[in-house]
Amino acid sequence: MDNFRNESSDYLGFTGIVTCLVSTILILPFVHPDMGFSLYYYSWFHVITSLGTMAGFVALSFIEREFKRKKMKSYYYPLLILGVGILGLICIKILSPSLYSLIIHAPNTVFRIQQGGPSTIDEASSIFYDYGAFTMSKVYSNFTPTGFFASLLGMFILAANLFRKSKPQEVLLLVWSFLIFLAIYGQNRFAYYYSINVSVLSAYLGGLLLEKVKWSELDQKFKSNVKSPADIPRALKFVKVEQVFAVLLIVIFLIYPVYGSAMPYTKMVYGQPSQPWMKLVPGFAQTLQILVWTTMPFMKPRQTERCSSIQTLHTVLCHGGTSDTI
């Protein structure tokens, strides 16, 4: 977008390079070189992709400077980036097919609805589907309805602003929110990440509404006319009806639902087993006992020690005891 407006985007390159460099330094001590390119453990895959991203930011800055120096038309810029990206993937496929396969399939691991075995993991299922049927129940169990739909409306407005005078921070918020939204579409475990986006986008909508009713002008009038609490009644004449309605809308639709859903959590008692769990304990204890007596004769010494620990757990479950018994 900066290129179309003939503005420099070097700030994005600098920010991206610093971010990737810091992340690379942080993960280096935990890399498992023996695993080669692995998506599920810190491996050379994470190092190579971070270094490749840094190289990509440098290349983008170089291409942008060449475009400006040669005064080329801006709409060639995204086409050239697309071509360079495809050429890079072809080179990676030739040099390292395993790395190419990981890069191609990595987005599906997060953003795609899981099939087969992974689909049986509750937190890895889509937030919009339950046993193959579309549902909003998991959405409403993680967010308030007004907050969730406010986030969608906020993203829509941010996307519309791209075609006008968009701000860098708004583009960042849009890209960040859209990626996390895709993540919860694939796996509901990312819902607590998206809760931040819901908060930020709701605040963004509230800010737009206050801007629409010229709240900043009211704020300036209050600052210039209210010098003591006695001045407040006289300053109320500056308040307009639409400003009162705007505040009421924000409180009713964006603040009160969140407060109402958060308060029950403050009354919950943590650390106490639930009734369904207590009902399962006797059967669990019997299963453990059968497991111990049928497998212990065939175990090696270290495995026998572990099985003895299971016996201790069985004793605790059946006859009571504390965690110190285990």
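Treat the numbers as computed from the prediction; the structure is a model and nothing was measured.
- In Phe134, the CZ atom is crowded: over 12 heavy atoms of neighbouring residues, nucleotides or ligands sit closer than 6.0 Å.
- Residues Phe178 and Phe156 do not share a hydrophobic cluster, clusters being chains of Ile/Leu/Val/Met/Phe/Trp/Tyr side chains in contact below 4.5 Å.
- Rounding to the nearest 0.5 Å places CD of Gln187 at 10.5 Å from CZ of Arg112.
- Gln243 contributes a side-chain N or O that, together with a main-chain N or O of Lys214, makes up a donor-acceptor pair within less than 3.5 Å.
- Between atom CD1 of residue Ile127 and atom CD1 of residue Ile113 there is a gap of 12.0 Å, rounded to the nearest 0.5 Å.
- In this structure, a donor-acceptor pair under 3.5 Å is absent between the side chains of Lys93 and Ser101.
- Interatomic distance, CH2 of Trp215 versus CD of Gln220, reported as 13.0 Å (0.5 Å rounding).
- In summary, the side chains of Tyr194 and Ser151 do present a donor paired with an acceptor at a separation below 3.5 Å, with no hydrogens or angles considered.
- Distance alone, capped at 3.5 Å, places no donor-acceptor pair between the Lys240 side chain and the Val213 backbone.
- Taking the six-membered ring for Trp and thresholds of 30 and 60 degrees, Tyr259 and Tyr256 have ring planes inclined between 30 and 60 degrees apart.
- Annotation: Glu211, atom CD; neighbour count of heavy atoms from other residues, nucleotides and ligands within 6.0 Å does not exceed 12.
- Taking the six-membered ring where tryptophan is involved, the planes of Phe148 and Phe143 are essentially parallel, since the angle between them stays under 30° and well short of 60°.
- When the shell of 6.0 Å around OH of Tyr185 is examined, it contains 12 or fewer heavy atoms from other residues, nucleotides or ligands.
- No single ILVMFWY cluster, assembled from side-chain heavy atoms under 4.5 Å apart, contains both Phe62 and Val58.
- Ile94 and Phe45 are assigned to two separate hydrophobic clusters, defined by single-linkage of ILVMFWY side chains at heavy-atom distances under 4.5 Å.
- In this structure, CG in Leu249 is found 8.5 Å from CG in Leu254, a value given to the nearest 0.5 Å.
- Distance CG/Leu205 to CG/Leu152: 10.0 Å, rounded to 0.5 Å.
- The two residues Ser177 and Leu201 make their nearest non-hydrogen contact at OG-CD1, 3.7 Å.
- A tilted orientation is assigned to the rings of Phe128 and Phe181, their planes being inclined by 30° to 60°.
- Between Tyr140 atom OH and Ser261 atom OG the span is 14.0 Å, to the nearest 0.5 Å.
- Shown here are the side-chain hydrogen bond (donor to acceptor under 3.5 Å, both in side chains) partners of Asn142, two or more places apart in sequence or in another chain: there are none.
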Could you go through the side-chain contact (heavy atoms from CB on, under 4.5 Å) check for Ser61 and Phe14 one step at a time? CA-CA 9 Å; Ser61 296; Phe14 177 78; over 6 Å; no

